[in-house]
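The structure appears below as structure tokens.
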Amino acid sequence: MKKKVVGIILSLTMVATMVAGCGNKTEETSAPDTTEEPTEAEDTTGGEDAEAPEATEAEGEEAPAGNADLADKKVGVCIYQFSDNFMTLFRTELQNYLVSLGFSADNITISDGANDQATQTGQIDNFITQGVDVLIINPVNSSSAETITDKVVAADIPLVYINREPDEDEQKRWADGGWNVTYVGCDARQSGTFQGELIGDLGLDTIDKNGNGKIDYIMVEGDPENIDAQYRTEFSVKALEDAGFEVNCLTDQVGNWAQDQAQQIVANALGQYGNDVEVVFCNNDAMALGALQAIDAAGRKVGEDIYLVGVDALSEALENVLNGTMTGTVFNDHFSQSHSAADAAVNYLTGAGNEHYIGCDYVKVTKDNAQEILDMVQ
Ligand code: GAL
């Protein structure tokens with residue numbers, strides 16, 4: 001008898017914890033595991049053994065933009081973590097595009113922050129000491145932007161932030177100070193809204209397998225410090241609510257953008273909630289690929305008894321959308337973002353300057369346009 005009561009209390013506590021998880025996330029693992037390590041880009045870490053680029057001289061009069069000028073300019077690029085699939089596409093395209101603009105590959109140094117802000121801060125310090133002409137930074141922690149901006153501005157180096165958007169107060173400082181600092185990225189609210197619409201467009205009759213009148217979902221989040229993760233989580237659900245659906249969050253867990261962490265989270269959730277899981281929202285495609293492994297292992301079928309969406313439009317995810325094993329994804333346009341970032345760097349170098357925010361659009365991807373996007377990204 002006693003045992004039974006304890007059992008009930010335990011399961012109630014578990015349910016309460018999981019439901020609470022839909023509002024307040026608990027991070028289970030801090031550092032995402034690495035998947036692969038592709039890089040054609042230079043991966044000088046900026047450590048002591050990094051080749052120190054010569055400081056440029058004779059820049060008294062800014063010459064107008066021209067390829068000959070760019071060939072001598074030194075670009076420092078900081079990526080939060082090389083093993084991130086999406087940021088690998090981004091940095092590869094960035095490197096290629098910078099070279100196509102006339103920068104010399106030898107003058108572009110790309111460093112791996114290894115998901116550690118202290119490591120990245122050391123790399124930024126090295127770039128400053130080396131006297132790079134412009135910095136492009138994908139911060140490990142957006143909340144470190146103020147410190148980063150201060151040291152880069154003090155060194156009189158123009159700065160282009162990418163991918164992890166610093167908050168409004170920080171962006172206001174750039175405008176108020178008239179500093180050569182900008183952010184290039186897409187509005188993550190749009191990607192979340194598209195994810196919600198991908199699901200909502202299916203209609204309640206299709207999704208509501210357990211017949212409770214609600215869309216029962218699990219949410220797998222990226223790095224919770226990242227505004228992309230926060231907005232995608234919020235706006236995917238908001239889009240469903242705005243369309244008049246009743247939603248029920250079964251669990252909301254942090255997968256840190258990583259496939260293996262998402263696989264584990266979704267496997268656990270499917271074990272716990274079984275057929276009640278109707279929708280799996282993943283803040284990115286890497287995690288959606290992990291979710292799909294768990295869905296397959298549980299014998300569930302996307303498009304028949306469960307629905308799955310991601311963001312990024314990785315090739316593998318696009319192939320899944322085409323063959324029906326993912327409901328949809330959202331194209332996170334790394335071409336547009338990397339090109340805009342490089343163009344912004346050039347605008348600073350030529351003295352043309354930039355707005356303090358440079359946006360781009362996401363694209364909703366279904367079976368109808370997945371091939372088109374795949375042709376573009378391959
Ligand atoms: C997001 C992207 C994720 C991850 C993250 C890194 O925009 O969707 O896959 O790369 O950036 O900050």
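Whatever order the structure lists ligands and atoms in, that order sets their numbers, starting from 1. Note that the coordinates shown come from a computational prediction; the quantities given were computed from them, not determined experimentally.
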Distances under 3.5 Å, N/O of ligand 1 against N/O of the protein: list each pair and its distance.
from     : atom 1 : to   : atom 2 : distance (Å)
ligand 1 : 7 (O)  : N163 : ND2    : 3.3
ligand 1 : 7 (O)  : D228 : OD2    : 2.6
ligand 1 : 7 (O)  : R232 : NH2    : 3.3
ligand 1 : 7 (O)  : N332 : ND2    : 3.1
ligand 1 : 8 (O)  : R232 : NH1    : 2.8
ligand 1 : 8 (O)  : R232 : NH2    : 3.4
ligand 1 : 8 (O)  : D312 : OD1    : 2.6
ligand 1 : 8 (O)  : D312 : OD2    : 3.4
ligand 1 : 8 (O)  : N332 : ND2    : 3.4
ligand 1 : 9 (O)  : N284 : ND2    : 2.9
ligand 1 : 9 (O)  : D312 : OD2    : 2.6
ligand 1 : 10 (O) : D84  : OD1    : 2.8
ligand 1 : 10 (O) : D84  : OD2    : 3.0
ligand 1 : 11 (O) : N163 : ND2    : 2.9
ligand 1 : 12 (O) : N163 : OD1    : 2.6
ligand 1 : 12 (O) : R164 : NE     : 2.9
ligand 1 : 12 (O) : R164 : NH2    : 3.4
ligand 1 : 12 (O) : N226 : ND2    : 3.0

(message) My understanding is that only residues two or more places apart in sequence, or in another chain, count here; which of them pass disulfide bond (SG atoms under 2.5 Å apart) with C186?
(response) C360
Please tabulate, one pair per line, all N/O donor-acceptor pairs under 3.5 Å involving side-chain atoms of residues 242-250, not counting sequence neighbours.
from : atom 1 : to   : atom 2 : distance (Å)
D242 : OD2    : K238 : NZ     : 2.9
N248 : ND2    : D216 : OD1    : 2.7

(request) Please report the closest heavy-atom contact between T182 and Y357, naming both atoms and the distance. (result) OG1-N, 3.6 Å
(message) Do the side chains of D69 and K73 get close enough for a salt bridge, i.e. N-O under 4.0 angstrom?
(response) no
(request) Determine which pairs satisfy salt bridge (charged side-chain N to carboxylate O under 4.0 Å, His left out) with at least one residue from residues 265-294, sequence neighbours left out, and list them in order. (result) none
(request) Hey, can you tell me if H356 and W174 have their rings parallel, tilted or perpendicular (30° and 60° cut-offs)? (result) tilted
